[in-house]
Engineer: 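Submitted below is the structure of interest, expressed as structure tokens.
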Amino acid sequence: MTALLSIENYHLDIPTFDGTLKVLDGINLSLAQGETLGIVGESGCGKTVLARSILGIGPQRARRTSGRMTFDSMPLDELNEAEWRRIRGVKISMIFQDPMTYLNPLLTVGRQLSDVLVAHARALSRPALSRQERRRRCSELLDQVQIRDPERVEASYPHQLSGGMRQRILIAMALAGEPKLLIADEPTTALDVTIQAQILDLLRDLVHRLGLTVVMISHDVGAIAAIAQRVAVMYAGVVVEQGATNDILTHPRHPYTQGLLGALPDIEGDHQSLEAIPGTIPNLIHPPSGCRFHPRCPRATAICTSDKPAMTSIGADHVVACHHALD
Amino acid sequence: MLSPAITPSTDANTDDGSILSVTGLTKVFVSGGKEFRAVDDVSLSVNAGDVLGIVGESGSGKSTVARLVMRLIEPTAGRIVFEGGDLTAKSGEELRRMRRHMQIVFQNPHSSLDPRHTIHSALAEPFLIQTNLRGIELERRIDALLDIVSLPKAFKYRFPHELSGGQKQRICIARAVALEPRLLVLDEPTSALDVSVQAQIITFLQELRQRLNLTYLFISHNLAVVRHICDHVIVMNQGKVLEQGTTESVFAHPQNDYTRQLIDSVPRLPRLAI
Ligand SMILES: Nc1ncnc2c1ncn2[C@@H]1O[C@H](COP(=O)(O)OP(=O)(O)OP(=O)(O)O)[C@@H](O)[C@H]1O
Ligand SMILES: Nc1ncnc2c1ncn2[C@@H]1O[C@H](COP(=O)(O)OP(=O)(O)O)[C@@H](O)[C@H]1O
Ligand code: SF4
Ligand SMILES: [Mg+2]
Ligand SMILES: [Mg+2]
């Protein structure tokens, strides 16, 4: 099975006024066609930077210091801007936490969808779609994201729609280029639980129907569990554990994963006490030596402060980077 | 923990033990010539020392209830009784005095702090306005507040943008408890935060409640959090109370279809095997 996306030993720095942030510190990930991979981790751990780097829209001054990304056999780090235009938003597309930021408040939804189609045709050097073809494609896309009354929605301005509807529109736009890979960065974080459940259902349905490959980023483990077959747990720019969702959630082997799960209140539980992870994520200008989690880790020993733990396989499709992984 | 400037109120709570009781609370907003009933005949009561949760989807009126209770906006109808006194009948100095015993923490810590002022001045403000604490004694109180919310003293000299979301929310909570209120209204205090930070804040809020003998009105659309922290819960939809009861009974035996749907939409996690 060849991977659709593979990220190998990827290091990324962001120079800032105060010093250089070592934001991504050797990321290894791979995704098979049709798979949904969840990425969880606290805010600031580099999820968004990673997602945007896949799309070649990382922070402006960011520098890849080593490693590489390969998508569909193409070396992403070596593409020029013209090549990117045929991929970004077309073959790899992305949806975000706040759809409003990515919609133009002054144009109707129909117009914006139609503009996306025009832009894609241009990017792929295809003949422009006729007005009629565009309309047909728009209603097809709205249908794919399960919008029941496409005429009304097409005629609406973004502010006239609910948060859940706007997210559906953004997904429709993301689907316009028939992407192979969809990156969803906290797509449900800003939504109500009921709407969140609907959007997760929709994403699951799209994976199923269109064979879409998805990277689902969230700090909400529940949302990840609802759609991802595999999960990567990120801490301070490092993937610390990766494996099948069910394994990770029931048998976390990395102390950070265990901490993250222990911090979740359980809807079915009662007043059991929450185990907060002590401390906060480190400053990435001077990240902790050795294992970046060591200042907060209950299992840390001397070696943890000196040596970065290597990613080790501990079961079928389960890897962990820890000197003292849990049993 | 009580500062000399703050004396506990001798006001009796109402006979039934409630510190806050609200009846027939209604708020009609008028926008574009149209009336909109954001809160419609809401009644609730919170016992001293309890945590009452309000859940409901976005737009159901939760925050409007919070703002009405705090008298930040005027109710169209209804009565709000706090520690035996009718808040709706009070105004001016008297209202200000009563309101000092109730404080609110908002969802978005990023916009709750003035970006131009240091953390020190954010924390000093309630003392400067409401008490005559000054100088070294004031510094001591500010340090104590930072201590309560487990932040280093050096944070005094920072500006809000130099803090993380969780740290900002801790500052907002520190400021809200500065004058040792008896009722804390928490409007989605953890919604903008990470799960791990959320766990810290919630654990901290539970501890703080016992330490300072506080009562909470806790608004959230995160049902797991509500189940975790609240003794009683109210379910709101379109401005109305659909269901209320002990947290246990509402979650275990929801009476209303909407409540059931709300509870069912929370993604379930497989159980930890450890
Ligand atoms: N000043 C106002 N003028 C007009 N309508 C308002 C005003 N404030 C609130 N509303 C409306 O009242 C309703 C309830 O709003 P409220 O903020 O109380 O909801 P909520 O339950 O807190 O929602 P959320 O979960 O999104 O915070 C909404 O439809 C809102 O648009
Ligand atoms: N444009 C930027 N300039 C400087 N630092 C940035 C920029 N974007 C992100 N960062 C920093 O990179 C780190 C990771 O951020 P991010 O990927 O947004 O985290 P997450 O999505 O996991 O919450 C943070 O320390 C953040 O402050
Ligand atoms: S390597 Fe050491 S510090 Fe890092 S997670 Fe494992 S035990 Fe903890
Ligand atoms: Mg992010
Ligand atoms: Mg609100």
Engineer: Can you see which heavy atom on A199(B) is nearest to which on A263(A), and at what distance?
Structural biologist: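 Taking every non-hydrogen atom into account, CB-O, 3.4 Å.
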Engineer: Search all heavy atoms of V225(B) against all heavy atoms of P265(A) and return the closest pair with its distance.
Structural biologist: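 Taking every non-hydrogen atom into account, CG2-CG, 3.7 Å.
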Engineer: What distance separates D266(A) CG from R268(B) CZ, expressed to the nearest 0.5 Å?
Structural biologist: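 D266(A) CG to R268(B) CZ: 8.5 Å, rounded to 0.5 Å.
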Engineer: Quick check on L262(B) against chain A: is it the side chain, the backbone, both or neither that has a heavy atom closer than 4.5 Å?
Structural biologist: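 Both parts, backbone and side chain.
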Engineer: Tell me, yes or no, whether the heavy-atom count around H253(B) atom NE2, taken from other residues, nucleotides or ligands under 6.0 Å, exceeds 12.
Structural biologist: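 Atom NE2 in H253(B) is not packed in, count stays at 12 or less.
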Engineer: Just how far is it from atom CG of L269(B) to atom OG1 of T250(A), taken to the nearest 0.5 Å?
Structural biologist: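 Between atom CG of L269(B) and atom OG1 of T250(A) there are 11.0 Å.
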Engineer: Roughly how far apart are H228(B) NE2 and L264(A) CG, rounded to 0.5 Å?
Structural biologist: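 The distance works out to 11.0 Å.
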Engineer: Can you tell me how far the NE2 atom of H219(A) sits from the CD atom of Q198(B), to the nearest 0.5 Å?
Structural biologist: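 H219(A) atom NE2 to Q198(B) atom CD measures 8.0 Å (nearest 0.5 Å).
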Engineer: Considering non-hydrogen atoms only, spot the tightest contact between Q196(A) and P267(B) and give its length.
Structural biologist: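 Scanning both residues completely, I find the closest heavy atoms to be NE2-CG, 4.5 Å.
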Engineer: Which heavy-atom pair separates Q200(B) from I277(A) by the least distance, and what is that distance?
Structural biologist: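 Nearest heavy atoms, Q200(B) then I277(A): NE2-O, 2.7 Å.
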Engineer: A quick test of your reading: do over 12 heavy atoms of other residues, nucleotides or ligands sit less than 6.0 Å from CD of Q238(B)?
Structural biologist: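 Incorrect, the count does not exceed 12.
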Engineer: Report which part of V40(A) has an atom under 4.5 Å of a heavy atom belonging to chain B: side chain, backbone, both, or neither.
Structural biologist: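 Neither part, no heavy atoms under 4.5 Å.
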